[in-house]
Engineer: 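Here you go, one structure.
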Amino acid sequence: MRGSTLAQAVAIAVSGALLVSCGGAARDRAASPRNRKPGPIRVGLSLDTLKEERWQYDRDAFSAHARELGADVIIRSANGDDSLQTEQAEGLLNQQDVDVLVIIPHNAETSASIVRAARQRNIPVVSYDRMVLDSEPDLYISFDNIKVGELEAGYLLSRAPKGNYMLIGGPPTDNNAQLLRQGQMKALKPSLDTGAVKIVADLWARDWQPQDALEKTETALSRNPGIAAIVASNDVVAGAVVQALDEQKLAGKVLVSGQDADLAALQRIVAGTQTMTVYKPINNLARRAAEAAVALARGEKVETTGTVNNGKIEVPSILLEPIAVDRNNMVEAVINDGYQTIQDVYRYVPLDQWPRIPR
Ligand code: GAL
């Protein structure tokens, strides 16, 4: 899988805030500026899917921020279908004649053709949350996904420093799934080297699908009794893992990680069946991405935090910090940030057991 070697090759060169006009692509654009149609900036937003809760939030937050900046946003969602995403992106570049394309790729490698098509039309591209590999996007904006993986495995290690572990990630075609696994292995390595921890199952859920995650977890549990912890890469997968554990009367007895601070995950953490999740303040990601997209469309400079190599170029990048969340800091980290409400999270908990919300 070329992806995995490229993911390993991913290096973050941090050289502090860089005011870049976003690399080679921008240089070409500066050389031959695109004569943009008069009127508001037209932003094309090409989503892989709206299946997971967070993408609906990304869509709404990004569109709201871009519209606040005076831009029109044209949205397309490909329901996890590569050829549909390519078709939709070409529609945004050609018929819709957008001034900038923001893409959340379903497949990190096949989506390179979309970036090439945009460059041929001199239209800047923002790789949003997930990297498009082997191509020249103008900007990559995401959270530090290696750090997300470290937080997931590191938290479980702090609670279960010894024992049999299972890893279940997303599809290797999602570069983030590779980065998460890289971070998880980084956290686990010292314990693997001493033999304190043993990985008894190393799984990848097709397209982050809960049904596939459930079946693979059920099989792994039946083959591996006495699991101490399951490093699940996101909350949808964690939900399937908890369901499989529940079938074995192990829910709440085996540690389970997650990511995305989905409502159901926060409710599981309050109920004690999921151990932690990783919160990524998406409103911040969406706002920074909208600002950068509009700036790129205007040919303006964008402030970055460094670069990330995607196998072809050092992509100018903005990497944001993720936050490990458990029952103790959920109010301060997620609820006070307005991502979920206490009423929703504690819906199944008697009122007198709700945490006090500091005013
Ligand atoms: C990843 C993303 C995660 C997760 C997953 C499923 O790329 O970083 O937040 O939700 O996709 O869509």
Side-chain angles (χ1 to χ4, degrees), residues 3-4 6-7 10 45-62 77-82 85 102-111 126-133 137 140-152 167-184 203-213 231-241 257-266 274 276-286 288-289 308 310 317-325 334 339-340:
S4 56
L6 274 170
V10 165
L45 177 61
S46 166
L47 294 123
D48 158 21
T49 178
L50 286 166
K51 178 166 58 51
E52 282 87 21
E53 183 178 304
R54 69 147 294 180
W55 300 121
Q56 297 148 30
Y57 193 97
D58 290 272
R59 172 201 55 198
D60 299 344
F62 177 86
S77 173
N79 305 323
D81 179 331
D82 289 331
Q85 186 162 35
V102 176
I103 179 169
I104 303 160
H106 174 251
N107 182 309
E109 288 178 0
T110 58
S111 53
V126 176
S127 198
Y128 182 101
D129 193 79
R130 296 174 180 172
M131 178 68 92
V132 178
L133 297 173
Y140 168 55
I141 179 165
S142 186
F143 291 88
D144 181 341
N145 290 293
I146 295 175
K147 181 94 178 278
V148 172
E150 285 179 70
L151 292 174
E152 290 173 329
L167 310 180
I168 178 157
T173 50
D174 176 351
N175 192 56
N176 283 351
Q178 307 262 10
L179 297 174
L180 295 168
R181 186 52 60 85
Q182 201 182 332
Q184 293 160 359
L203 309 168
W204 304 78
R206 198 177 44 252
D207 258 352
W208 297 101
Q209 284 174 9
Q211 189 52 37
D212 189 56
V231 183
S233 282
N234 81 343
D235 288 337
V236 168
V237 169
V241 164
S257 68
Q259 172 195 186
D260 292 332
D262 288 357
L263 176 56
L266 299 181
Q274 183 171 329
M276 62 84 69
T277 185
V278 175
Y279 176 51
K280 305 185 295 183
I282 293 172
N283 193 41
N284 190 13
L285 175 75
R288 300 273 305 263
V308 175
N310 73 344
S317 299
I318 298 172
L319 289 186
L320 306 173
E321 277 305 302
I323 306 160
V325 168
V334 181
Y339 190 66
Q340 305 283 5

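When a ligand or atom number is given, it counts from 1 through the structure's own listing order.
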Engineer: Among all protein non-hydrogen atoms, which one is nearest to atom 4 (C) of ligand 1, and what is the separation to 0.1 Å?
Structural biologist: D260 OD2, 3.4 Å
Engineer: Evaluate side-chain hydrogen bond (donor to acceptor under 3.5 Å, both in side chains) for R181 paired with Q184, printing each intermediate quantity in order.
Structural biologist: CA-CA 5 Å; R181 186 52 60 85; Q184 293 160 359; 3.0 Å; yes
Engineer: Identify, for atom 8 (O) of ligand 1, the protein heavy atom at the shortest distance, and state residue, atom and that distance.
Structural biologist: D129 OD2, 2.9 Å
Engineer: If the contact criterion is a heavy-atom separation under 4.0 Å, does K280 count as touching ligand 1?
Structural biologist: yes
Engineer: Please verify whether a non-hydrogen atom of F143 lies at under 4.0 Å from ligand 1.
Structural biologist: no
Engineer: Can you find a pair of side-chain heavy atoms, one from V237 and one from Q259, that are under 4.5 Å apart?
Structural biologist: no
Engineer: What is the closest protein heavy atom to atom 1 (C) of ligand 1, and at what distance does it sit?
Structural biologist: D174 OD2, 3.3 Å
Engineer: Do W208 and N234 have side-chain N/O donor and acceptor atoms under 3.5 Å apart?
Structural biologist: no
Engineer: With the side chain counted from C-beta on, respond yes when K280 and L320 share a heavy-atom pair under 4.5 Å apart, and no when they do not.
Structural biologist: no
Engineer: To check your reading of the model: name the closest protein heavy atom to atom 5 (C) of ligand 1, its residue, and the distance in Å.
Structural biologist: W208 CE2, 3.5 Å
Engineer: Between ligand 1 and N145, is the shortest N or O to N or O distance under 3.5 Å?
Structural biologist: no
Engineer: Of the protein's non-hydrogen atoms, which lies at the shortest distance from atom 11 (O) of ligand 1, and what is that distance?
Structural biologist: R130 NH2, 2.9 Å
Engineer: Out of all atoms in ligand 1, which are within 4.0 Å of some heavy atom of N234? Include the element for each.
Structural biologist: 4 (C), 5 (C), 6 (C), 10 (O)
Engineer: Within ligand 1, which atoms have a heavy atom of W55 less than 4.0 Å away?
Structural biologist: 2 (C), 11 (O), 12 (O)
Engineer: Does the D235 side chain pair with the main chain of D262, one donor and one acceptor, at a distance under 3.5 Å?
Structural biologist: yes
Engineer: Taking the basic N atoms (NZ, or NE/NH1/NH2) and the acidic carboxylate oxygens, is any pair closer than 4.0 Å for R54 and D129?
Structural biologist: yes
Engineer: Could you walk me through whether N107 and Q85 satisfy the side-chain hydrogen bond (donor to acceptor under 3.5 Å, both in side chains) test, starting with their C-alpha distance in whole Å, then the side-chain angles of each, then the deciding distance to 0.1 Å, before giving a yes or no?
Structural biologist: CA-CA 10 Å; N107 182 309; Q85 186 162 35; over 6 Å; no
